[in-house]
Amino acid sequence: MKALLIWFVLMNLDKLLKTAHCTETQDQVLSITPKTQEQVDILKNVSTQYETALWQPVSPHYIKEDTQVHLFVPANSSETVKDQLKRHAITHEVLLANPNELIEMQTRNDSTDPRSSSTFYERYHSLEDIYFWINRTQQDNPDTVKVILIGSSFEKRPLYVLKLSVNNRPNKKAMWIDCGIHAREWISPAFCLWFVQYSLSFYQSNKEITRILDNMDVYILPVLNPDGYHYTWTTNRMWRKNRSTNMSTKCVGVDLNRNFDANWCTEGASDQPCSEIYCGAFPESEPETQAVADFLRSHKDIVQIYFSIHSYSQMLLFPYSCTLEEAENHSELLEMVKEAAQKIQRHYRNNYKYGSGANTIYLAPGGSDDWAYKLGIKYSFTFELQDRGRYGFLLPPSHISKACNEALLAVKTIALKVDEKTQAPTTPA
Ligand code: 9B3
Ligand code: ZN
Ligand code: ZN
């Protein structure tokens, strides 16, 4: 018996040691709420000086009193960071004790694993898989799906847009949806795939999607930032920006949602290349931004609705984010997101905030929705999908279907409203 026990202990020594040490040696996500201006300043310092990744807010600049900060702390800075917090009597909670386990769960579930029980659309997919899926989707639906190459990324990966078109009615209008502007927001590309699959499956059986597709073409860009997305699969799950490099700095990447020409690089963006909200050298300096902007400029007469999909925090936003001024059709846009949020509440019992970007999250210039709005696309939206911080960017695959269905309901609600408003009246009043 004793021998058996000794044998057991020896066999599991590594595991036992690891568990005993786990609070010191593992990556963690902490939730910290600074109570005083001093604590705010300490926290700003900690998140910039040590190797950490801010989840919320997006940049130290936005850290303020009595508002939760979500901070990813890698194992090697764990001790120093906690020390600093302790020394200034800043309390923290562990939001995620083992983010690595979550990360591993979400990556091994890719289609290379045939044992995976959930369906293709309830898993996250590598960039290679998504390219493969784009190709196959077009081949399987040659009459409705076209693939358009709109440009390429900094690292020369193709930017493919899927065009869904069920008929050739003259003067057809269109809707645009882009996903994956920010690399770590994995639920976003998952939504674009979900939307395409839903549209192809339920055209003719669901009356809302049928009406939408009968009356408009849909352009879908599943991964706006393929270099960043690829990087989150191979190297750093927390990466946000693209992967462009510049002679004048060692820091990599531009925040593509600060690189559009809408009050570019004013308050709410940074001209520092090492910042997570770096606006780039000039508006549309990045090939990804330029490809999207060129495509929308050349289709601005037909595109009526613009959607950009992000995560996390559950918000339905519309212009402006780049100024506190109200958009010309503010009340119309507010009405639409309000209806969408109410429907989500009723169907899925989940709460989404809504409003203009600047009033609802923060003042932020250079975003794609504001730029599209200024271009003349008067129904322009940014969605922040699930969740509200429980898992943050590491939303487990088991939550994909609910998160996507909520967003789908919001897209359908808004698209139908726009369709209704813009139908030429059949009989004059
Ligand atoms: C930011 C801007 Cl600049 C915008 N126009 N609309 C939404 C946002 C929020 C996203 C961001 O880029 O910070 C959330 Se991840
Ligand atoms: Zn984002
Ligand atoms: Zn976000």
Side-chain angles (χ1 to χ4, degrees), residues 8-9 11-34 43 46-47 49-58 63 68-86 90-113 115-118 122-126 182-190 228-240 276 310-314 384-403:
F8 177 83
V9 168
M11 289 304 284
N12 291 285
L13 201 57
D14 58 326
K15 276 182 209 144
L16 292 170
L17 283 173
K18 246 191 208 149
T19 350
H21 270 210
C22 76
T23 49
E24 309 295 347
T25 57
Q26 287 192 47
D27 300 354
Q28 287 188 332
V29 179
L30 305 182
S31 175
I32 311 157
T33 308
L43 209 47
V46 166
S47 65
Q49 276 178 10
Y50 304 106
E51 193 198 310
T52 59
L54 258 186
W55 278 21
Q56 179 192 290
V58 58
I63 296 176
Q68 273 189 31
V69 172
H70 299 166
L71 187 67
F72 177 88
V73 183
N76 60 345
S77 13
S78 177
E79 216 162 328
T80 10
V81 167
K82 285 184 180 172
D83 243 43
Q84 289 284 330
L85 297 180
K86 217 180 209 164
I90 306 174
T91 55
H92 69 266
E93 276 172 63
V94 177
L95 205 58
L96 292 177
N98 196 350
N100 290 321
E101 195 177 21
L102 284 171
I103 293 173
E104 208 195 288
M105 252 170 48
Q106 323 190 327
T107 41
R108 85 169 153 235
N109 256 353
D110 202 14
S111 65
T112 48
D113 181 2
R115 289 163 307 172
S116 171
S117 57
S118 49
E122 292 171 11
R123 284 180 274 128
Y124 295 112
H125 296 284
S126 65
H182 289 139
R184 62 193 178 185
E185 299 166 9
W186 282 13
I187 188 62
S188 170
Y229 189 70
H230 182 259
Y231 194 71
T232 61
W233 273 78
T234 57
T235 315
N236 177 358
R237 178 65 183 80
M238 301 309 151
W239 194 257
R240 167 179 165 100
E276 290 282 39
H310 292 248
S311 76
Y312 62 93
S313 65
Q314 301 182 191
E384 288 250 63
L385 308 196
Q386 281 190 30
D387 55 15
R388 291 169 90 177
R390 172 69 183 82
Y391 296 104
F393 301 117
L394 301 179
L395 193 71
S398 56
H399 295 226
I400 291 176
S401 96
K402 186 163 180 267

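If you read the sequence from its start, that first residue is 1, and numbering goes on from there.
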Please name the pair of heavy atoms, one in S126 and one in W233, separated by the smallest distance, quoted to 0.1 Å.
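Of all heavy-atom pairs spanning S126 and W233, the closest is N-CZ2, 3.5 Å.
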
If I compare all heavy atoms of L95 with all of S31, which pair ends up nearest, and what's the gap?
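Where L95 meets S31 most closely, the heavy atoms are CD1-CB, 4.0 Å.
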
Can you name the residues that form a side-chain hydrogen bond (donor to acceptor under 3.5 Å, both in side chains) with [X], not counting sequence neighbours?
X: K402; answer: E406
X: N100; answer: D27
X: Q84; answer: Y50
X: N98; answer: Q26

Side-chain contact, heavy-atom cut-off 4.5 Å: [X] with [Y]?
X: I187; Y: Y124; value: yes
X: E384; Y: Y312; value: no
X: E93; Y: Q68; value: no
X: N236; Y: Y231; value: yes
X: T52; Y: F72; value: no
X: R237; Y: W186; value: yes

Go through the structure and list residues passing side-chain contact (heavy atoms from CB on, under 4.5 Å) with [X], not counting sequence neighbours.
X: P34; answer: Q39, V40, L43, I63, V69
X: R388; answer: Q314, N351, K353
X: L96; answer: V29, W55, P99, L102, R390, Y391, L394

Please answer whether the main-chain N or O of [Y] pairs with a side-chain N or O of [X] as donor and acceptor at a distance below 3.5 Å.
X: Q386; Y: L395; result: no
X: S77; Y: V73; result: no
X: S311; Y: E185; result: no

Does the side-chain contact (heavy atoms from CB on, under 4.5 Å) test come out yes or no for E51 and V81, once each step is laid out?
CA-CA 9 Å; E51 193 198 310; V81 167; over 6 Å; no

[X] side, atom [atom1]; [Y] side, atom [atom2] - distance, nearest 0.5 Å:
X: W239; Y: H182; atom1: CH2; atom2: NE2; answer: 12.0 Å
X: E122; Y: H399; atom1: CD; atom2: NE2; answer: 12.0 Å
X: R240; Y: T232; atom1: CZ; atom2: OG1; answer: 13.5 Å
X: S78; Y: Q28; atom1: OG; atom2: CD; answer: 5.5 Å
X: S313; Y: Q56; atom1: OG; atom2: CD; answer: 7.0 Å

Working for side-chain contact (heavy atoms from CB on, under 4.5 Å), residues S47 and L71:
CA-CA 8 Å; S47 65; L71 187 67; 4.0 Å; yes

Q49 atom CD, over 12 foreign heavy atoms within 6.0 Å:
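Count over threshold, so yes.
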
